[in-house]
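Notes follow once the structure below has been shown.
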There are 2 protein chains.
Amino acid sequence: MIDVPHNLMAFRGEENHLPRPTIHDVARTARVSLATVDRVLNKRGGVAEKSVRKVERAVVETGYIRDVSAANLSRGREYRFTFILPDSATGFVALLRDALTQEQARFKADKVQLDIVTTSAFEITAQVEALRRRNIRNSDGIALIASEAPEVQAEIARLTTEGVPVLTLVSDLPRSSRHAYVGPDNVVAGRTAATFMGRFVGTSEGAILMIAGSLAARDHMERVMGFRMVMTEQFPRLALLPAVQGFDTADTVKDLTRQALGAHSLAGIYAVGAGTRGLLAALKGHPHRPIIIAHELTDTNRGALLTGEIDLVIDQNPAAEVQAAITLMRDLSDQRPITTNGGAIPLSIFVRENI
Amino acid sequence: MIDVPHNLMAFRGEENHLPRPTIHDVARTARVSLATVDRVLNKRGGVAEKSVRKVERAVVETGYIRDVSAANLSRGREYRFTFILPDSATGFVALLRDALTQEQARFKADKVQLDIVTTSAFEITAQVEALRRRNIRNSDGIALIASEAPEVQAEIARLTTEGVPVLTLVSDLPRSSRHAYVGPDNVVAGRTAATFMGRFVGTSEGAILMIAGSLAARDHMERVMGFRMVMTEQFPRLALLPAVQGFDTADTVKDLTRQALGAHSLAGIYAVGAGTRGLLAALKGHPHRPIIIAHELTDTNRGALLTGEIDLVIDQNPAAEVQAAITLMRDLSDQRPITTNGGAIPLSIFVRENI
DNA sequence: CATAAAATGATTGACGTACCTCATAATTTG
DNA sequence: CAAATTATGAGGTACGTCAATCATTTTATG
């Protein structure tokens, strides 16, 4: 076995580990001055096409790669990103907030400052007001869990025309002018939930109940859509009840579940939104437990998975989401071509055995 | 638009967000010299306990955080990490290799150089020989998919006593002196596979077949263990055939599958290792398709998921694995307390709908 | 060919930390 | 109390890039 270095990594290893090329080397091989190299590399303009090509060729030839440490140091750039989250202390938002505070510490060393702003959940005016604040508008980037409202869209439009990168988080606002969406594909989430629902239910008889938070929330709507599509396509045998709205509240979810249990024989319940606690309470003592699939690996859901009260959880990794958002905002505010695949977050699927 | 000079862009945000503290600020608040601060921060020793405490207090008080860009620049440290992989061009290793070449480019800017060394698969001597090479021993870190052999363990022991960080990848060698294992928990993987197998099979009748690559490979062994545990605990109704060895080869797997199909009525097949192609070939034309759960999202498996030939894939994210390995090796060679949770890679679960 | 405009060169000073040397101060030791 | 030891201070250089200025050369324009 000869260990041919993978791609042309010439004489590494043995002894002569030559120092990595710098802009000086590039300038020398291109036979231009340092200033010109700098102008080309940082796209400052005012350079003849001929020289641009000379520099570009020299970059390839020398194998020059910008030393990001030195660049960052020299620039002295600092980033201030603002996350706008609903104030609900409930499961998922809490997880997101935790992930955020985690990264807060980690990113300080990279000169990235993360501000968290809390607005009253479900209140459009609060969100709009937050987006209008001076100190938020001065951020280098804004990520928010946006409400589906024209006022919010208008505010986002204003920000983006001002040049502030805006990301939607968790739930998209595709008709707005946000630069990108960071979160899972919720249609896929719904479809995946349906696959497992159908297979877990197996040959059992009964209807399937979907409990969303709000059908006005795009993420929930999309999950319901995806779920319904696959259920009707692949498991037409199972009756799909109309989706109900639990408003992410345990009490409401409890009532809805009770009601459905009374009216139908349930083979499965898809908990599209929050409020699993209410769901579990309603099922307590019920003779036959339907298959239950829920979203987000909150403490409640984790516990319920372990005790076997629910069967499967589809999670959008909050930590990954935060990281993707930060990377994206940084790229955007540096006007770099975005590197990640748009901020799509793969789904994580949990059962009792792999928590 | 006022063109404020670039550095000195003081008045960010609301109030003018004072510049981040430097070692100078720490020195001033601690009432010691820069040199002393430096000695404390970089643990050079020779500082009175009293001064150490003064500096530490000043760090907290000022909120000083080391500017990693400046530190890296000043240090001029470069890392050279070596990955030792088997030469099998087959599915998973190829994916790992791809992920690695991807990161190779990305990490060059961070002064991390990744070398890939290929050794003949399943040959102990080749692996040992690779670990003995001068240029590999000179690495700042080594990650390898290790064979379960005393010679390899001995070689790892030698390296670690020399101070070279060594990681096991994909399959652990817990009795060796490797610094950490980067990969999934394969027992959990097996348990998870069993959960889905049991639930997907549902009320169908039939036996369950496990096809491992080699039962001498720890990762496969662990998966089989986990699978068996959950099957016997939770789905005792299903007969579990003794695990067979397909040596990750399509032809062997094909023969084994044919054989089993002839001898038993199969409700499910757990493809612990590679060679799914053979499995699919053997099943072609067979009247009843058993539930099939496989490992790693290779091209074959992805295609088979899409066509519905297999039901579920458990994947260990190769990209995440490579990143975790690099982070760990960097921390280790800087003698920092390791930040990640030891390099555990969460399982990714794929069905047709969420590829 | 003169002149304006564009392109390039030469040089310099940050940025914050690491690391080194040498001198001096403070403390311990005999 | 002197000598030896330990702690500290003062100062400088280097890392590679960015960003700016000003002088100079080359090219285009009428």
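Quick note on labels: first sequence line is chain A, next is B, and so on, each numbered from 1.
- The nearest whole Å value for the distance from the CG atom in B/D67 to the C1' atom in D/dC15 is 13 Å.
- Look at CZ on A/R44: it is 15 Å from C1' on C/dA7, rounded to the nearest Å.
- With rounding to whole Å, A/I23 atom CD1 is found 16 Å from C/dT8 atom C1'.
- Taking atom CG of residue A/N72 and atom P of nucleotide D/dA19, one finds them 11 Å apart after rounding to whole Å.
- Within the structure, the salt bridge (charged side-chain N to carboxylate O under 4.0 Å, His left out) test picks out the following pairs touching residues 157-166 of chain B (sequence neighbours left out): B/R137-B/E162, B/E155-B/R158.
- Between B/L73 atom CG and D/dT13 atom P there is a gap of 17 Å when expressed in whole angstrom units.
- Enclosure of atom CZ in B/R31 is not indicated, since only 12 or fewer non-hydrogen atoms of other residues, nucleotides or ligands lie within 6.0 angstrom.
- Residue A/A71 is classed as a sugar-phosphate contact, given heavy-atom separations below 4.0 Å to backbone atoms only.
- Contact check on B/E129 versus B/R132 returns no salt bridge, with no Lys/Arg side-chain nitrogen under 4.0 Å from an Asp/Glu carboxylate oxygen.
- You'll find that the side chain of B/T22 is closest to C/dG16, out of C/dG16, D/dT17, D/dG9.
- When the nucleotides C/dC19, D/dA14, D/dC18 are ranked by their closest atom to the side chain of B/R75, C/dC19 comes out on top.
- Comparing B/V32 and B/K111 along DNA chain D, the residue whose closest nucleotide (by nearest heavy atom) sits nearer the 5' end is B/V32.
- With DNA chain C read from its 5' end, the first of the two nearest nucleotides for B/S69 and B/A35 is the one closest to B/S69.
- For A/R39 against C/dG9, a side-chain N or O and a base N or O form a donor-acceptor pair under 3.5 Å.
- For the pair A/R330 and A/D140, the salt-bridge criterion is not met [side-chain N within less than 4.0 Å of a carboxylate O].
- Note on B/R31: only backbone sugar-phosphate atoms sit closer than 4.0 angstrom, heavy atoms only; bases stay farther off.
- Distance NZ (A/K50) to P (D/dT25): 17 Å, rounded to an integer number of Å.
- At C/dA18, none of the side-chain N or O atoms of B/S74 fall inside 4.0 Å of OP1 or OP2 (strictly under the cut-off).
- By the 4.5 Å heavy-atom criterion applied to side chains, A/Y79 and A/S333 are counted as neighbours.
- Between B/V52 and A/D38, the residue anchored closer to the 5' end of DNA chain D is B/V52, taking for each the nucleotide with the nearest heavy atom.
- Note: CZ (A/R77) to P (D/dG16) measures 24 Å, nearest angstrom.
- Side-chain nitrogen and oxygen atoms of B/T36 include at least one within less than 4.0 Å of the OP1 or OP2 phosphate oxygen of D/dG9.
- Note: CZ (B/R28) to P (D/dT8) measures 20 Å, nearest angstrom.
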